[in-house]
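Report on the structure given below.
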Number of protein chains: 2
Amino acid sequence: MAHSSRRLSLCTVMQSIVHDGPISRARIARETGLSKQTVGEIVSGLEIGGWVREKGRTRGHVGRTATTYETVGTAAGVVVVDLGGTKLRAAVADLAGNILDDVVEPTDPAGGAAVARQTARLCRVATERNAIGWDRIKLAIVGVAGVPDASTGAVRLSPNIRGLDRINLRSSLEDALGVDVYVENDVNLAIIGEQWIGSGAGEKDLVFIAVGTGIGAGIMIGGTLVRGAAQSAGELGYLPVGADPFEAESLRTGALERVVGTIGIIRRYRDRTGEEADVPAIFDAATRGNLAASAVVDETASHLACAITAVCATVNPAKVILGGSIGSRPDLARRIRTILPQCAPIPVEVETSLLGSYAALAGGAAVGFEKIHAMLFSDGHPGALVSLPRQDANRFRLTGQ
Amino acid sequence: MAHSSRRLSLCTVMQSIVHDGPISRARIARETGLSKQTVGEIVSGLEIGGWVREKGRTRGHVGRTATTYETVGTAAGVVVVDLGGTKLRAAVADLAGNILDDVVEPTDPAGGAAVARQTARLCRVATERNAIGWDRIKLAIVGVAGVPDASTGAVRLSPNIRGLDRINLRSSLEDALGVDVYVENDVNLAIIGEQWIGSGAGEKDLVFIAVGTGIGAGIMIGGTLVRGAAQSAGELGYLPVGADPFEAESLRTGALERVVGTIGIIRRYRDRTGEEADVPAIFDAATRGNLAASAVVDETASHLACAITAVCATVNPAKVILGGSIGSRPDLARRIRTILPQCAPIPVEVETSLLGSYAALAGGAAVGFEKIHAMLFSDGHPGALVSLPRQDANRFRLTGQ
DNA sequence: ATTTAATTCGTTAAGTGAACGAACTAATAA
DNA sequence: TTATTAGTTCGTTCACTTAACGAATTAAAT
């Protein structure tokens, strides 16, 4: 409780350098409202601590030139993991909010403890690939399909990775890595990533709908994630849309998921044509003008439009971002945009994910950035926080998906 | 920016007195972690300002007795208004969080400016009824059916009160009353009231569904209200449930509202029986065992169960509170609780409103309490706030509905 | 019944951390 | 040279803390 004012000033100054750096001490003072010598003291403290360094000097204006300061990105970092059913991806994010090169491997099909070991190893590999030593890594953020249980550390309802609900993923990673580990739902990280540097940049009310094998959503309201009383917010597969919600199968699989999930799409195509085809093939056929495939895709778009209508009637986001193997197809989004005004009275933008399969990784970096700054500078003091710097998503679009 | 720490300490002490008062200075020091003389200074400042006063002394324990302090409720207050289509209700809430006696009048059917004048007059009457002078009133909170537009001060989509979208309700009340006026949607206030002292006490993830002429919801996530990007969150009438959402009429009135609103219920009863009856008559007939009426009510419950399923799949609240002239009928809630497990895989509690027609008034008092303390003590400093004290809802259940 | 001990309240005094204004030096464009 | 901006040093103020102490009260011992 005592003397928390310095912490607050420290955060204010750090925020200024992270966002507007390289920046001079005089400008920090003007922009934060702190006095010149308070800023001077704090900056020299940060410099001694190794968090910031001199970058250069200002030029070309009246008056004395000023030394400018920037954050030392490599001073600390977090390791970010996207643990998917087929791919395991890890990257390092530094103190300045940069996401460094990522490494990918196929996920170990053995599941459970084997995947935990693989994850820990790949975290080390990711740091070795970049100029940030393991001793500088302060924590790890892991995105995973399923519902992480905060008390047990297990991951419930994780369909794509076997045995993840039987081990304590968090504590086994913490033991292997020696740093705090935060396990979060991958769709929740995806919406955070999209809001930071993706399709939802700048918006505060967003929904990210991942359509793939199943269907799930990450919901952000007023800039904060909606988790729900039982961590079940965004389980859109259970929306009473598509199939009859009172059938036993709907109660188990989910009325919407039955019709727009991978299995549902394949079944509907088979029902129409008698032929067996996988989802990409059906979508490609629809694009080529195949009538049956086109009807199946339109049906899917129509159900998704109803789902979006339901979500908008409830939380009224400014934008809905579509992702996942099925959801990120631009042709599907186009069809949904056509159908939506016929059933949704409240207007909403519908876009495909800009970050693609990197959305969760970016979101993890965002969460890690906020946690590491809170840890190092604000120390949990309310009102003192370093917010995310502007970045661009180019690095992701250049790398292969 | 400078010297904000005193504000924070001031709020901490005030919070302690409001919540745990009457309380001694020594206990404040123990509980807040502040030192005894800091607390002493702040309390004597508050006493000089007239915000707190000596209440008595502690007795019966070892050691010196202590003087205890309590908030001076009458030092400041807010006036709270529930502006409904048929009834206009006003009350005063004091600095300690007590809601004083309320006054009611039928709403002036002339609407528009006449209702604004009537509201301003009733605010004065409410203060005269209580021991709190008008000069102590710092602001007014007005709950109204419809969507208040923050920039223009008008109220859009207000079906029950004519011409409210043509006047600037906020500024005309501010002119008439001479204090800041906040106009808020009545269902939003209702959920805040229910969370404070009603059916949702203690819960952080709640949905209040008002079923009456139309259907609308107030949504609270993590303790904060969800408004939506276009202030349209909770417009559950537009859920794609009940009627076909692609019909033109559904797009206009709302697919769900068409079937579970007053008009929809009356129509469905007429379709089955050929008879004309109003909603209370249909519900009473269902209770007496009339088969057609019972079927209509079950149908209504079934549609509402689907709506609740949709809302739960999206935001996963711990509890759904039913209110409004139709929604607050306990027999409807009972039928919904029976049907819900057949279509909703995620469990949720369903209850009727405890505060009834006083929910919005209580919510207005809660909002007013927070605003007035922020205004007087925290002055907008982040992290510094006086939270709502525990109260009970007895006063409301004693008064007639 | 009286005295002594233990405990608690609240005040005074001394000291520290943090921020500020003012005065000053330093460097640069015009 | 002059005006302007950058950055430092000094002394002051504010807010809070710890420590010490007097005052008031209950509990226990004589």
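Keep in mind the model is a prediction, meaning the values are calculated, not measured. Each chain gets a letter, A, B and so on, in the order the sequences are listed, and its residues count up from 1.
Among the nucleotides dG7(D), dA15(D), dG10(C), the one closest to any side-chain atom of S5(B) is dA15(D). The side chain of S9(B) lies closest to dC16(D) when the candidates are dC16(D), dG7(D), dT11(C). Distance from the side chain of A66(B) is smallest to dC9(C) among dA19(C), dC9(C), dA6(D).
In this structure, the CD atom of E41(B) is 19 Å from the P atom of dC9(C), given to the nearest Å. For Y69(B) and dC9(C), the OH to P distance is 13 Å, given to the nearest whole Å. We find that CD of E54(A) is positioned 9 Å from P of dG7(D), with the value rounded to whole Å. Atom CD1 of I28(B) and atom P of dT8(C) are 18 Å apart (whole Å). Across the protein-nucleic acid pair, L10(B) atom CG and dC16(D) atom P stand 10 Å apart, rounded to whole Å. Between L34(A) atom CG and dA18(C) atom C1' the separation is 11 Å, expressed in whole Å. Atom CZ in R7(B) sits about 17 Å away from atom C1' in dA19(C), given to the nearest Å. Rounded to whole Å, the distance from CG on L8(B) to C1' on dA15(D) is 12 Å.
Judged by distance alone, with hydrogens and angles left aside, the side-chain atoms of S9(B) form a donor-acceptor pair with the main-chain N or O of S5(B) at under 3.5 Å. Side-chain atoms of R59(A) do not come within 3.5 Å of backbone N or O of T65(A) as any donor-acceptor pair.
Every residue meeting the salt bridge (charged side-chain N to carboxylate O under 4.0 Å, His left out) condition with E31(B), not counting sequence neighbours, appears here in chain and number order: R27(B). Residues passing the salt bridge (charged side-chain N to carboxylate O under 4.0 Å, His left out) test with E41(B), sequence neighbours excluded: R6(B).
The shortest distance between the side-chain N/O atoms of R27(A) and the OP1/OP2 oxygens of dA6(D) is not below 4.0 Å. Look at R6(A) and you won't find any side-chain N or O under 4.0 angstrom from OP1 or OP2 of dG17(C). A sub-4.0 Å separation between OP1 or OP2 of dT17(D) and a side-chain N or O of S35(B) is present. Between T67(B) and dG10(C), a side-chain N or O to OP1/OP2 separation shorter than 4.0 Å is present.
Put simply, the side chain of Q37(A) and the base of dG7(D) share no donor and acceptor less than 3.5 Å apart.
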What verdict does the ring pair (Phe, Tyr, Trp, His ring centres under 6.0 Å) test give for W51(B) and F377(B), after you've listed the backbone C-alpha separation in whole Å, the side-chain angles of each residue and the deciding distance to 0.1 Å? CA-CA 10 Å; W51(B) 308 115; F377(B) 305 113; 5.6 Å; yes

Output one letter per nucleotide in nucleotides 21-29 of chain D: B when a protein non-hydrogen atom lies under 4.0 Å from the base, S when only the sugar-phosphate is that close, - when neither is. -BBBBSS--

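Salt-bridge formation is detected for the pair R53(B)/E70(B): a Lys NZ or Arg NE/NH1/NH2 atom is positioned less than 4.0 Å from an Asp or Glu carboxylate oxygen.
A cation-pi geometry, defined here as NZ or CZ lying under 6.0 Å from the six-membered ring centre and within 45° of its normal, does not hold between K55(A) and Y69(A).
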